[in-house]
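See below for the structure under consideration.
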Amino acid sequence: MAERGVVLGAAGEVALEEIDVAQPGPGEVLVRVEATGVCHSDLHVIEEDGWHHPLPVLLGHEGAGTVVAVGDGVAGLAGGDRVVLGWKTACGECEQCRAGAPRQCLRPPAAAGRLHRHDGAELTPVLRTGTFATHTVVPEVAAVKVPRELPVEQACLIGCAVATGVMSVLETARVPAGARVAVIGCGAVGLSVIQGARIAGASEIRAIDLDERKLEQARHFGATDTEPGKADYVFDVVGRKQTFEQALGLVAPGGTVVLIGLSPAGEKAEIDLPKLFARRARILVSHGGDHLPQEDFPRLAQWALEGKLDLGSMVTRTAPLEGWSDAFAAMKEGSTIRTVLVP
Ligand SMILES: [Zn+2]
Ligand SMILES: [Zn+2]
C-alpha cells in the first residue's frame with residue numbers, strides 16, 4: 001500500500017510524504033481516513049515545534065473514516081464500520097478514571113509504534129490520532145462508530161471542533177436554559193459554542209470577533225447579537241491576553257468565564273482580583289469541552305442527522321491531501337470556517 005501523510009519532520013519542515021502503516025496490535029484498529037478537518041491545533045503543533053509531540057510528527061487529529069482491520073480483542077468494531085476518531089479518550093486506569101471522572105483522564109491511550117516514516121523513524125501522531133494521512137492506527141476506544149448516513153466530511157468535524165465547542169457549553173459550563181452567552185472568537189470552535197448555546201436554550205448569544213465575515217457566519221449558526229455586552233457565560237475561544245481580559249470584563253455578576261482557546265507558550269493575562277471577587281465570577285478551563293468520544297460522538301452525530309446541529313454549513317470546502325498548505329493559509333487568512341481534506 002502506498003500510504004501517505006503530512007509530516008512535520010523538523011522545526012518548520014512540513015511535507016506530504018509516503019509513510020508506513022503497520023497492522024493494528026491488540027486492542028487497536030486500522031482506519032482508512034476519508035475526511036479530516038484542518039484545525040488550529042495542527043497549526044499550533046507546527047508553530048510550537050511539535051507542541052510536546054516528539055518529532056517527527058504525523059499531523060491531523062479531526063478525522064473520520066472506515067475501519068479496515070481490527071487487532072486481537074477488539075469486540076465493538078469491525079471492518080467497514082464508519083468511525084469518527086477521538087483524541088480525548090479515557091484509559092480506565094488512572095486516578096481520575098478510577099474516581100469515576102473519565103472526562104478528566106490524564107493518560108489517554110495511544111497505539112504506539114504503528115506509524116513510521118519511510119526511513120524507519122517512528123512518527124508521533126498528533127493527539128494520538130494522526131489524520132492528515134490515508135491510514136492511521138488508533139486504540140479501539142478512539143474510534144467511535146457513527147451512522148454512515150452522515151456525510152463523512154461533516155462527521156470528521158465532530159472529532160474536535162464540534163465536540164470541543166458544543167461540549168464546552170453542555171458539559172464544562174452546563175449552561176442552563178435562558179442564560180445569556182457571549183463567544184469571543186468565531187472560528188469553527190466558536191461557531192460550535194454558538195450551536196451548543198442554541199441547543200442549551202440560551203436567551204441571548206453574542207458573537208464577538210474582529211472579522212465581519214465571521215460575525216455574518218455566527219448569525220447563521222444562531223448568534224442573536226454581534227456587539228460586546230454583559231453575559232452570564234463568556235467563552236474565550238481565542239486564549240490571548242486581550243480576549244481573556246475582554247471576557248473578564250463582560251461577565252455579569254455571578255457569571256462564568258470559560259477558557260477554551262489554546263494560548264501560545266508564555267501567554268499571560270491580568271486579572272483585577274477585587275473586581276473578580278466583587279462579581280463573584282467563576283473561571284473554568286474547558287479541555288476540549290471535557291468531551292468523552294464514546295459517550296458524546298454518537299449523540300452529536302444524531303443531532304446532526306436530526307438537523308439540530310448544522311455541520312454542513314461548517315464545511316467551507318474540501319481538498320485532497322495535497323491541499324494541506326493552502327488550507328492552513330486559508331485558515332490564517334480567515335476566509336474559511338473549515339477546509340476538510342479528503343485523503
Ligand atoms: Zn484515565
Ligand atoms: Zn482540533
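Both counts, for ligands and for their atoms, begin at 1 and track the order of listing.
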Any side-chain donor near an acceptor of the partner, Thr134 and Arg4, under 3.5 Å: no
Donor-acceptor contact present, side-chain Glu18 to main-chain Ala2, <3.5 Å: no
Neighbouring protein N, O or S atoms of the Zn ion (ligand 1) [cut-off: under 2.8 Å, no waters]: Cys91 SG, Cys94 SG, Cys97 SG, Cys105 SG
The Zn ion (ligand 2): protein N, O or S atoms that are less than 2.8 Å away, sorted by chain: Cys39 SG, His61 NE2, Cys160 SG
Residue pair Arg219 / Thr226, side-chain donor-acceptor N/O under 3.5 Å: yes
Ion pair check, Asp225 and Arg180, cut-off under 4.0 Å: no
Working for salt bridge (charged side-chain N to carboxylate O under 4.0 Å, His left out), residues Asp296 and Arg103: CA-CA 11 Å; Asp296 300 328; Arg103 290 172 187 272; 2.8 Å; yes
Would you mind writing out the side-chain donor-acceptor pairs for residues 157-169 within the sub-3.5 Å range, not counting sequence neighbours?
unit_1 : atom_1 : unit_2 : atom_2 : d
Thr164 : OG1    : Cys160 : O      : 2.8
Ser168 : OG     : Thr164 : O      : 2.6
Ser168 : OG     : Ser286 : OG     : 2.7

Pairs satisfying ring pair (Phe, Tyr, Trp, His ring centres under 6.0 Å), at least one member in residues 222-272, at least two apart: none
NZ/NE/NH1/NH2 to OD/OE distance under 4.0 Å, Glu95 and Arg98: no
Side chains of Gln302 and Arg299, donor plus acceptor under 3.5 Å: no
